[in-house]
Amino acid sequence: MEVLLEGAGRSVVFGLIGIGLMAVGFVLVDVLTPGKLRDLIWVDRNPNAALLLVANQLGIAAIVFTAIFTSYDSFAQGLASTVLFGLIGIAIMGLGFLVLDWLTPGKLGEVICTPEPHPGARVSAAAHFGAALIVCACIA
């Protein structure tokens, strides 16, 4: 029973860290795109902004999953690695967005905010998720 309760407690802590990292990822996408991300997705129903946020959130979840799955025997080290790799992943996703913006015509943030589906949003989402997978591979 003690092992079960310990595992449940760890699940709660790792879950809270994962949710916190996903919230930081939301803020990153909000900063990278013009306007309020909440309004773009939930009021304007913008498919491009939603796609980018989906890729971001799934990418962060993949990083957190990989960090937990390969976690150290020490609970404290596992937590530290989850936070560290999560923040590194978020930073790399943001950098990837900026590099893609630099390589493509126009402003990528404006492309993400257009109301019609745009191929550039798919490319940006793939770059976001791809950056997360690179971090996952470094953890394992």
Whether Q57 side chain and G25 backbone form a donor-acceptor pair below 3.5 Å = no
query = Do other residues, nucleotides or ligands put more than 12 heavy atoms under 6.0 Å from the CZ atom of F69?
reply = no
remark   = Heavy atoms of C113 and P34 approach each other most closely as SG-O, 3.2 Å
inquiry  = Ignoring hydrogens, what is the shortest heavy-atom contact between A125 and A55? Give both atom names and the distance.
reply    = O-CB, 3.3 Å
inquiry  = I'd like to know if the side chain of N48 and the backbone of E116 have a donor-acceptor N/O pair within less than 3.5 Å.
reply    = yes
message = Walk me through whether K36 and D30 qualify under salt bridge (Lys or Arg N to Asp or Glu O under 4.0 Å).
response = CA-CA 6 Å; K36 295 257 184 230; D30 193 23; 5.6 Å; no
inquiry  = Check whether S124 reaches the backbone of G120 with its side chain - one donor and one acceptor, N or O, closer than 3.5 Å.
reply    = no
key: Over all atoms of both residues, closest heavy-atom pair of G106 and D101   = O-OD1, 3.6 Å
Considering all heavy atoms, the nearest I92-A131 contact = CG2-CB, 3.8 Å
S71 OG to L79 CG distance, which is reported to the nearest 0.5 Å = 7.0 Å
query = Should L28 and F97 count as side-chain neighbours, where that means a heavy-atom distance under 4.5 Å?
reply = no
query = If you round to the nearest 0.5 Å, how far is CE of M22 from CG of L58?
reply = 7.0 Å
query = According to a 4.5 Å side-chain heavy-atom criterion applied to Ile, Leu, Val, Met, Phe, Trp and Tyr, with indirect links allowed, do V123 and L53 form part of one hydrophobic cluster?
reply = yes
request  = Indicate, with yes or no, if V54 and I19 share a hydrophobic cluster defined by side-chain heavy-atom contacts under 4.5 Å among Ile, Leu, Val, Met, Phe, Trp and Tyr.
outcome  = no
ask   = So, for G59 and M93, which heavy atoms are closest and what is the spacing to 0.1 Å?
value = C-CE, 4.5 Å
task = Tell me, with the steps shown, if F85 and T70 meet side chain to side chain contact (heavy atoms under 4.5 Å, CB included).
result = CA-CA 12 Å; F85 284 111; T70 61; over 6 Å; no
key: Check: N56 and L52 side chains under 4.5 Å, non-hydrogen atoms   = no
key: Cluster overlap V29 with L100, hydrophobic side-chain contacts below 4.5 Å   = yes
Side chain to side chain contact (heavy atoms under 4.5 Å, CB included) assessment of I17 paired with V64 = CA-CA 9 Å; I17 287 172; V64 170; 5.7 Å; no
task = Identify, with sequence neighbours excluded, every residue that meets ring-ring contact (aromatic ring centres under 6.0 Å, His included) alongside F26.
result = none
inquiry  = Check for me, please, whether F75 and L84 land in the same ILVMFWY cluster - side-chain distances under 4.5 Å, paths through other members count.
reply    = yes
query = In chain order, what residues pass the side chain to side chain contact (heavy atoms under 4.5 Å, CB included) check against D44, with sequence neighbours excluded?
reply = L40
ask   = Heavy-atom distance under 4.5 Å between the side chains of L98 and W102, does that happen here?
value = no
Least distance between heavy atoms, T114 atom then V111 atom = OG1-O, 2.8 Å
inquiry  = Is there a side-chain contact between I90 and L21 in this structure, where contact means two heavy atoms from C-beta onward sitting under 4.5 Å apart?
reply    = yes
task = Treating Ile, Leu, Val, Met, Phe, Trp and Tyr as nodes and any side-chain heavy-atom pair under 4.5 angstrom as an edge, say whether V99 and V31 lie in one connected cluster.
result = no
